[in-house]
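Worksheet: the structure to be examined is printed underneath.
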Amino acid sequence: MSKHWSISDLLAGKVDADTTVTVKGWVRTRKDSKAGFSFINLHDGSCFDPIQIIAPAELDNYNSEILQATTGASMAVEGKLVASQGKGQSFEVQATAIEVLGLVDDPASYPIQPKPHTMEFLRTVAHLRPRTNAIGAVTRVQNCLAQAIHRFMHERQFYWIHTPLITASDCEGAGEMFRVSTLDQTHMPMTDKGEVDYSQDFFGKEAFLTVSGQLNVETYVSAMSKVYTFGPTFRAENSNTSRHLAEFWMVEPEIAFADLAQNADLAEDMLKYIFKAVLDERGDDLAFFNQRIDKTVIERLEGVVNSEFERMDYTEAVKILQNSGKKFEFPVEWGTDLQSEHERYLAEEKVGKPIVLMNYPKDIKAFYMRMNDDGKTVAAMDVLAPGIGEIIGGSQREERLDILDSRIDEMGLPKENYWWYRDLRRYGTVPHSGFGLGFERAVLYATGMKNIRDVIPFPRAAGTAEF
RNA sequence: GGGAGCAUAGCUCAGCGGAAGAGCGACUGCCUGUUAAGCAGUUGGUCGAAGGUUCAAUUCCUUCUGUUCCCUCCA
């Protein structure tokens, strides 16, 4: 058997013509010609385009197997790589032997038909949808983004810190949490006070799935200077939208000796870097997205890469919204959080590119965000992307113990739970900043896909944990 | 958690108180170095479930289930 090549390598011209090669993959389409052969478009995930196989009728299993190979069937093909005699592809494989590995049972009901499907339907066949053009392209782009994130961080000498997914900090300050417990839920041990006795639970205390690696990674930034997390995160919010998941991946860089402005610069640099990687490396997939999914996606990515992000204070944004002349469902008032409609107006209508909103009122932000000198705002920032909304949220962290303590008290949080977090401010505290990038939201932006459930392989959301 | 939709063939949808339709797919034939192919034919449905109104319900009403989108939450 000759060498097994990726289709991407063959189409890219990495192999000389007339070389005997083996390709393996799945049939996208088969078309039989009376001239004595069949055209088989075979895909293996390595690139957007399938490779064309010419299967001559002289093959001994032509009638018995090859003519039975419908869309979705798997096969191993050996043949000669030749310049294509037809239009539409540079190379094709003149097969000398085809082993049909697996046929499709009942082709009429095979879910992935060679025709357009709705994303809603494909979600119901999540085990087969990576075989489609769209989800295959999403998969390559999401991988490109993930690799680019690690590359960006590595080039800037950040350390990747594996923060825990299970946490006993029940107040990480970012929404509802999933409980992790091995207690028998039909016979919960109780204390004298009539409360569940978690001292008998696996960890000896209440435990949850993390909503953020930030608090943990702050310990490492206080020693390694530049760190980041990249891993799954969990939110038990009952939110049913096209941009929320109960389980999603988040990138959380944290930098020491850095203020909010440097934090915003890092966020901008990172987004530009990873979207440029997609433009450079996934032209084939982007061409598909631009043609079939969102006709503005390439233009938008190029816009992000080539333009300066807008920076704007919350206070300024409130004034703009109030003077916009737009009728909003929710009123705009200094001191309240901006609604989706407000963020959309700013990012999509007012600015038309990503915008960094900074310095929010302290009462609508988390306890660990650094108090500004005005005593009213904290050094928080959100990066809003047109079409997606909030893609990044971050802040400069409060490094002054006395102020941190008063914020913890103000919010009625149990100080003892934060003893190790507070220690960081007792022992050689430094100014530091960080942010969280919703990874799937970045994939949405890079692909033009509309629903976050279509850019993660197996979406978990309220009421959804199939597959 | 709040709100609004939707549920009819493998898929996308039309229909409508009075005998279940189209396109795509699949299959068959013709044509064909084809490639989002063309022409013709065939196949294919417990009209989401359970109640109710009616001479008659896929159609109207109620409940349930599933699902989509928006808001809240945030990334």
Side-chain angles (χ1 to χ4, degrees), chain A residues 28-42 49-56 67-68 70-72 82 84-89 92 94 104 106-125 128 132-133 172-176 211-214 232-252 267 288 291-292 328-330 337-341 343-344 364-366 382-385 388-394 435-445 450-453 456 461-464 466:
Chain A
R28 181 143 279 148
T29 57
R30 193 196 83 235
K31 165 84 179 151
D32 307 317
S33 170
K34 272 293 159 54
F37 50 87
S38 292
F39 302 102
I40 297 169
N41 279 325
L42 201 70
D49 288 317
I51 196 166
Q52 177 159 281
I53 309 296
I54 308 299
L67 290 184
Q68 311 303 312
T70 53
T71 300
V82 297
S84 178
Q85 298 171 30
K87 292 172 182 168
Q89 61 278 319
E92 63 190 20
Q94 292 277 357
V104 166
D106 187 18
S109 65
Y110 179 60
I112 310 300
Q113 297 161 348
K115 54 160 288 187
H117 286 105
T118 60
M119 292 300 152
E120 289 79 5
F121 169 69
L122 291 177
R123 267 171 236 157
T124 68
V125 286
L128 299 172
T132 62
N133 283 329
E172 288 185 345
E176 298 294 312
V211 294
S212 165
Q214 180 202 320
T233 301
F234 308 88
R235 303 278 163 89
E237 303 284 351
N238 191 2
S239 54
N240 203 342
T241 78
S242 58
R243 60 187 192 283
H244 287 86
L245 291 166
E247 177 184 84
F248 63 99
W249 285 55
M250 189 153 64
V251 185
E252 297 177 285
F288 166 80
Q291 188 186 353
R292 298 292 177 83
F328 294 112
E329 187 185 347
F330 295 90
D337 215 349
L338 298 182
Q339 303 291 319
S340 287
E341 56 176 345
E343 297 182 343
R344 258 203 311 278
I364 58 172
K365 289 294 179 182
D382 285 347
V383 179
L384 311 177
I388 311 288
E390 187 174 343
I391 193 170
I392 281 177
F435 62 83
L437 165 69
F439 180 68
E440 288 77 17
R441 288 186 181 176
V443 181
L444 277 182
Y445 197 79
K450 293 292 173 289
N451 194 308
I452 201 164
R453 299 177 189 204
I456 190 169
T464 302
E466 188 66 58

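Here is how names work: the chains are called A, B, and so on, in the same order as the sequence lines, proteins then strands, and each is numbered from 1. Note that the structure is a prediction, hence the values are computed from the model and not measured.
Closest contact between the side chain of A/H244 and the listed nucleotides B/C11, B/A26, B/A75 involves B/A75. Of all nucleotides listed (B/G25, B/A26, B/C73), B/A26 comes nearest to the side chain of A/T71. When distances run from any side-chain atom of A/Q85 to the nucleotides B/C31, B/G33, B/C73, the shortest one goes to B/G33. You'll find that the side chain of A/K115 is closest to B/C11, out of B/G33, B/A75, B/C11. Side chain of A/E390, nearest nucleotide from B/G10, B/A75, B/U34: B/A75.
If you find the closest nucleotide of RNA chain B to A/F37 and to A/N238, the one lying nearer the 5' end belongs to A/N238.
A gap of 15 Å separates the P atoms of B/U59 and B/U53, to the nearest Å. One P atom belongs to B/C47, the other to B/A20, and the distance between them is 10 Å to the nearest Å. Between the P atoms of B/G41 and B/U46, the separation comes to 26 Å (whole Å). Straight-line distance between the P atoms of B/A7 and B/A49: roughly 13 Å, to the nearest whole Å. Rounded to a whole angstrom, the distance from the C1' atom of B/U58 to that of B/A14 is 13 Å. Taking atom P in both B/A22 and B/C31, one finds a spacing of 28 Å when rounded to whole Å.
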Write down the protein N/O and nucleotide N/O pairs, taken from nucleotides 66-70 of chain B, whose separation is under 3.5 Å; answer none if there are no such pairs.
{"from": "B/U68", "atom 1": "OP1", "to": "A/R123", "atom 2": "NH1", "distance (Å)": "3.3"}
{"from": "B/C69", "atom 1": "OP1", "to": "A/N451", "atom 2": "ND2", "distance (Å)": "2.1"}
{"from": "B/C69", "atom 1": "OP2", "to": "A/N451", "atom 2": "ND2", "distance (Å)": "3.3"}
{"from": "B/C70", "atom 1": "OP1", "to": "A/S242", "atom 2": "OG", "distance (Å)": "3.2"}
{"from": "B/C70", "atom 1": "OP2", "to": "A/S242", "atom 2": "N", "distance (Å)": "3.2"}
{"from": "B/C70", "atom 1": "OP2", "to": "A/S242", "atom 2": "OG", "distance (Å)": "3.2"}
{"from": "B/C70", "atom 1": "N4", "to": "A/N240", "atom 2": "O", "distance (Å)": "3.1"}

Tabulated below should be each protein N or O lying under 3.5 Å from an N or O of nucleotides 36-39 of chain B; please produce it.
{"from": "B/A37", "atom 1": "N7", "to": "A/K31", "atom 2": "NZ", "distance (Å)": "3.4"}
{"from": "B/A37", "atom 1": "N6", "to": "A/K31", "atom 2": "NZ", "distance (Å)": "2.1"}

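A/I392 comes within 4.0 angstrom of the backbone, heavy atoms only, and of no base. As judged by a 4.0 angstrom heavy-atom cut-off over every strand, A/E92 is placed among the base-contacting residues. Within the 4.0 angstrom heavy-atom criterion, only backbone atoms of the sugar-phosphate kind lie near A/T70; the bases stay farther away. Residue contacts shown for A/F248 include a base, since a base heavy atom lies under 4.0 Å away. Counting non-hydrogen atoms under 4.0 angstrom, A/D106 reaches nothing in the nucleic acid. A/S38 comes within 4.0 angstrom of nothing in the nucleic acid, heavy atoms only.
The partner of B/U46, taking Watson-Crick or G-U wobble pairs whose two distances both stay under 3.5 Å, does not exist in any strand shown. Remark: B/C74 base-pairs with no nucleotide in the shown strands. Criterion, Watson-Crick or G-U wobble with two distances under 3.5 Å.
For B/U72, the OP1/OP2 oxygens have a side-chain nitrogen or oxygen of A/Q339 closer than 4.0 Å.
The shortest distance between side-chain heavy atoms of A/Q89 and A/D49 does not fall below 4.5 Å. Considering only heavy atoms from C-beta on, A/M250 comes within 4.5 Å of A/S212 through its side chain. By the 4.5 Å heavy-atom criterion applied to side chains, A/F39 and A/E92 are not counted as neighbours.
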Requested in this report: Apply the test side-chain contact (heavy atoms from CB on, under 4.5 Å) to residues A/E329 and A/E341: give CA-CA distance (whole Å), side-chain angles for both, the deciding distance (0.1 Å), then the verdict.
Outcome: CA-CA 8 Å; A/E329 187 185 347; A/E341 56 176 345; 3.6 Å; yes
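Checked against side-chain hydrogen bond (donor to acceptor under 3.5 Å, both in side chains), A/R123 has the following partners two or more places apart in sequence or in another chain: A/D454.
Just one residue in the list A/V125, A/T70, A/T71 forms a side-chain contact (heavy atoms from CB on, under 4.5 Å) with A/Y110, and that residue is A/T71.
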